[in-house]
Engineer: 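Take this structure first; my questions come after.
In what follows, every heavy atom counts, from backbone to side chain, and hydrogens, waters and symmetry copies are set aside.
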Amino acid sequence: NEVCDQGCNNKYCSAYEWRSDFSVPLVAACESDIGAICAADFYQCAYNETVEQEAILNGTISCQASSPFSIYLDPNIPLSSNHSCQDIWIGDGKCDDACRTEQCFNDRADCALGCSEDQCLVIFDFWTLVYDLSNGAGNKLNHSAACLSGWPLAAAAFDLNSSFAFCMDTMQRYDYNQDSQLNFREFVPLA
């Protein structure tokens, strides 16, 4: 029912790590309360962050549960939009902000190099090209203009679905501030 049922807001309705001592439940970003962490009742009930942060400091929770507390996650993006760190992301050569916690071994130094193989420069150059082609204003691009001008280039370069509808769906997925404009911060994960 996607609501916290008070009768199930307790330790018995929470999930735990396999073979844990059941002292700290698994947590996830609350869908109903942006910025909050939920645990009980299938992650519908808010969890006391102070206890959770203490558990992180003591190293008693998993990498995935520590992800929402990574200081590198953009606070302007709703917590539910940030993916929890996955084991396969650690040490894969790509910097994942969600994996930049002690429990995730700080992404096994994937972030130490900064931009690998000039990836950041390529993303910025592509942004500049799309921005210029789409007649962007105020460091933002209208989704329709980006889909008409920039998307065909990206689709050809990266073998993507080139349809306008697919582009618009993709733009909406990365429109974190819901303004129907694409800014550089939203463009980076899109790229």
Side-chain angles (χ1 to χ4, degrees), residues 2 28-36 38 42-43 63-101 104-191:
E2 298 183 13
C30 297
E31 300 244 346
S32 60
D33 185 8
I34 302 302
C38 286
F42 295 102
Y43 307 106
C63 168
Q64 243 181 13
S66 70
S67 290
F69 300 103
S70 171
I71 63 170
Y72 299 98
L73 292 177
D74 186 340
N76 298 310
I77 298 174
L79 196 55
S80 60
S81 298
N82 291 314
H83 300 285
S84 292
C85 180
Q86 305 299 311
D87 290 341
I88 60 170
W89 296 355
I90 299 172
D92 65 353
K94 295 179 184 172
C95 180
D96 301 294
D97 288 339
C99 298
R100 295 176 79 180
T101 67
C104 300
F105 308 103
N106 289 310
D107 206 13
R108 293 261 189 235
D110 285 346
C111 303
L113 299 175
C115 294
S116 60
E117 300 173 11
D118 296 322
Q119 181 180 5
C120 293
L121 182 58
V122 170
I123 291 171
F124 183 73
D125 285 347
F126 195 72
W127 166 258
T128 305
L129 175 67
V130 171
Y131 184 81
D132 289 344
L133 287 175
S134 305
N135 298 318
N139 295 324
K140 293 183 176 188
L141 291 174
N142 175 289
H143 286 179
S144 298
C147 286
L148 289 171
S149 302
W151 191 261
L153 292 172
F158 302 107
D159 196 28
L160 301 171
N161 180 332
S162 61
S163 78
F164 183 80
F166 182 79
C167 176
M168 290 298 285
D169 286 343
T170 303
M171 293 292 165
Q172 288 175 351
R173 186 176 319 126
Y174 290 96
D175 189 8
Y176 299 125
N177 60 4
Q178 302 297 306
D179 65 352
S180 297
Q181 303 276 325
L182 183 66
N183 61 44
F184 183 69
R185 176 63 186 96
E186 295 165 336
F187 180 77
V188 170
L190 177 66

Engineer: Could you go through C104 and C85, starting from their C-alpha distance and side-chain angles, then the distance that decides it, and tell me whether this counts as disulfide (SG to SG under 2.5 Å)?
Structural biologist: CA-CA 8 Å; C104 300; C85 180; 3.9 Å; no
Engineer: Considering non-hydrogen atoms only, spot the tightest contact between W151 and M171 and give its length.
Structural biologist: CE3-CE, 4.3 Å
Engineer: Please report the shortest heavy-atom distance between S180 and D175, naming the atom on each side.
Structural biologist: N-OD2, 2.7 Å
Engineer: Counting only N and O atoms by type, is there a donor-acceptor contact under 3.5 Å from the side chain of D96 to the main-chain atoms of A98?
Structural biologist: no
Engineer: Going from CG on D107 to CG on D97, what distance comes out if it is rounded to the nearest 0.5 angstrom?
Structural biologist: 8.5 Å
Engineer: Cut-off 3.5 Å, no hydrogens considered: what does the side-chain donor-acceptor table look like for residues 161-169, sequence neighbours left out?
Structural biologist:
from, atom 1, to, atom 2, distance (Å)
N161, OD1, S163, N, 2.8
N161, OD1, S163, OG, 3.1
S163, OG, F166, N, 3.1

Engineer: Got a second to check how far L141's CG is from C147's SG, nearest 0.5 Å?
Structural biologist: 10.0 Å
Engineer: Can you confirm whether more than 12 heavy atoms, excluding those of F42, are under 6.0 Å from its CZ atom?
Structural biologist: no
Engineer: Show the nearest heavy-atom pair for residues L160 and A154, with the distance to one decimal.
Structural biologist: CD1-O, 4.0 Å
Engineer: Minimum heavy-atom separation for Q172 and Q178, please, with both atom names.
Structural biologist: O-NE2, 4.3 Å
Engineer: For C63, is there any backbone N or O sitting under 3.5 Å from a side-chain donor or acceptor partner on S66?
Structural biologist: yes
Engineer: Identify, with sequence neighbours excluded, every residue that meets side-chain contact (heavy atoms from CB on, under 4.5 Å) alongside R173.
Structural biologist: T170
Engineer: Looking at residues at least two apart in the chain, or sitting in another chain, which of them share a ring pair (Phe, Tyr, Trp, His ring centres under 6.0 Å) with F187?
Structural biologist: W127
